[in-house]
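Since the structure comes first, as structure tokens, the remarks are kept for the end.
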Amino acid sequence: MTYDARVRVTTARRGTAWRALRSPGIALDLGSARTRIWTRGGPGAHTVLDVPTVSFGPAGDAGVLRPVARGAVVDPEGAARLLTRLLAPRVPRYARPVIVCATPVPGGPEHRAALAAALAGLRPRTVLAIDAVRALALAAGADLSRPLLVVDLGAQLTEVALLHGGVVTAARRIERGTADLGTADLGAGDDGGLTAGRLAARVGEAVADLLRDEPGHRAAEALGRGPLLGGGGALRAELVYRLARQLDTSVHPVPRPHTAAVRGAGEALLSARRHPALAAPVTPVHPT
């Protein structure tokens, strides 16, 4: 290799390192009860930050705020203060990060706009979204070439989804009336409280709906494989047991289920530049 060639290679490597510094990668799971953040460290290394989803009022305004409810950002300014407090020390001053967010399947334009507003203070170069249930499957290293059921047992939101070819083809939220249900609701209510058995029964009803509505035998094949379980609820032994009994099949909690969604989002982040179809764009966020 000639001297000039060595200079060009060295310069290219420096350029790549500079771009990486200017666009660090962040994966985010902004949950109702907990916020998980995945950031990349050295080669092959990463860090997961797991903290309560709470914010504080502006200067002079005391009090604890909860900017996310039932999987939706209800206070974008409070969420922005939370994320800035957590991420500002981890993002170089002039960097414009690439952010991948794990989001609920039914998250519509209003949810995505609120999420984009919460992230605006970080001046991201790109914001991408990946369904949390899909992120769970990525974290588990599941075979996505076959139909797969995923149950995300969150604190304030429970989702059941059918994936085929790695794409969510159908999904259901577990509700009581018009309110979403999650593990934080266990023991709450005027009818004796939501029990693990009752929540498992609601999940069973959602799976039955998928079996009725999905064409062909995809849902039945996925149920036969046994659903993947993610979210903090997958750490509750009684709930896992009740689900297995209700569905009459084996169930498979993913490793470290409470952080699986953000780790799966991290996997998508690492692959997003090579495989853009892994994630769909959220409302673009531009620096002011």
Side-chain angles (χ1 to χ4, degrees), residues 24-42 45-59 61-93 95 97-104 107 111-112 114-124 127-130 132-133 135-136 138-139 152-159 180 182-186 230-236 253-269 282 285:
I26 298 169
L28 174 66
D29 178 13
L30 189 59
S32 305
R34 308 285 299 183
T35 292
R36 280 98 183 195
I37 297 172
W38 180 103
T39 55
R40 192 172 185 182
H46 65 269
T47 301
V48 174
L49 184 66
D50 184 352
V51 299
T53 304
V54 295
S55 184
F56 304 94
D61 183 9
V64 175
L65 305 176
R66 298 191 178 276
V68 181
R70 304 296 174 184
V73 177
V74 295
D75 178 7
E77 292 183 359
R81 288 193 295 272
L82 166 66
L83 295 175
T84 299
R85 173 169 57 86
L86 295 174
L87 287 171
R90 294 170 171 80
V91 177
R93 182 177 178 183
V98 175
I99 303 175
V100 174
C101 301
T103 62
H111 168 71
R112 294 191 172 196
L115 181 60
L119 294 169
L122 299 173
R123 301 178 67 251
V127 180
L128 303 171
I130 183 171
V133 289
L136 290 173
L138 289 176
D152 188 2
L153 300 163
Q156 295 185 10
L157 184 67
T158 303
E159 291 188 299
D180 294 308
T183 57
D185 300 298
L186 291 173
L235 295 170
R236 294 175 177 251
V254 303
R256 292 169 288 161
H258 56 305
T259 62
V262 78
R263 289 185 287 109
E267 292 287 338
L269 173 64
V282 186
V285 181

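Note that CZ of R90 and CD1 of I26 are 10.0 Å apart. Values are rounded to the nearest 0.5 Å. To the nearest 0.5 Å, atoms CZ (R256) and CG (L235) are separated by 12.0 Å. The distance from atom CD1 of I130 to atom CG of D29, rounded to the nearest 0.5 Å, is 11.5 Å. Rounding to the nearest 0.5 Å places CD1 of I99 at 11.5 Å from CZ of R123. Between the CZ atom of R263 and the CZ atom of R36 there is a distance of 10.5 Å, given to the nearest 0.5 Å. We find the CZ-CG distance between R85 and L83 to be 9.5 Å, quoted to the nearest 0.5 Å.
Summarising the geometry of A260 relative to P255, their closest heavy-atom pair is CB-O, 4.3 Å, with the distance given to 0.1 Å. A95 approaches P24 most closely through the heavy-atom pair CB-CD, 3.6 Å. Annotation for C101 and L119: closest pair SG-CD1, 3.8 Å, computed over non-hydrogen atoms. The shortest non-hydrogen separation linking G266 to A27 is N-CB, 3.5 Å. Between A33 and A155 the shortest heavy-atom distance is CB-CB, 3.6 Å. Taking all atoms of both residues into account, the shortest heavy-atom contact from A79 to L30 is CB-CD2, 4.4 Å.
A donor-acceptor pair is defined here as one N or O able to donate and one able to accept, closer than 3.5 Å; no such pair exists between the side chain of R236 and the backbone of G232.
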TODO: Let me see the working for H258 and D50 under side-chain contact (heavy atoms from CB on, under 4.5 Å), right down to the final yes or no.
DONE: CA-CA 9 Å; H258 56 305; D50 184 352; 3.8 Å; yes
- [ ] Apply side-chain contact (heavy atoms from CB on, under 4.5 Å) to L82 and V54, showing your working.
- [x] CA-CA 7 Å; L82 166 66; V54 295; 5.7 Å; no
Task: CA sep, side-chain torsions, deciding dist, call: S55, V64, side-chain contact (heavy atoms from CB on, under 4.5 Å) - done: CA-CA 6 Å; S55 184; V64 175; over 6 Å; no
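The shortest side-chain heavy-atom distance between I37 and V262 does not fall under the 4.5 Å cut-off. Taking 4.5 Å as the limit, some side-chain heavy atom of P104 sits within range of a side-chain heavy atom of L157. Taking 4.5 Å as the limit, every side-chain heavy atom of V68 sits out of range of all side-chain heavy atoms of V74. Contact annotation: the side chain of L65 never approaches that of F56 to less than 4.5 Å [non-hydrogen atoms, C-beta and beyond]. At a threshold of 4.5 Å between non-hydrogen side-chain atoms, the residues P76 and P67 do not count as touching. Counting heavy atoms from C-beta outward, V100 and L28 have side chains that stay 4.5 Å or more apart.
Residues passing the side chain to side chain donor-acceptor pair (under 3.5 Å) test with T35 are T53, sequence neighbours excluded. Applying the side chain to side chain donor-acceptor pair (under 3.5 Å) rule to R70 yields the partners D185; only residues at least two apart in sequence or on another chain are considered.
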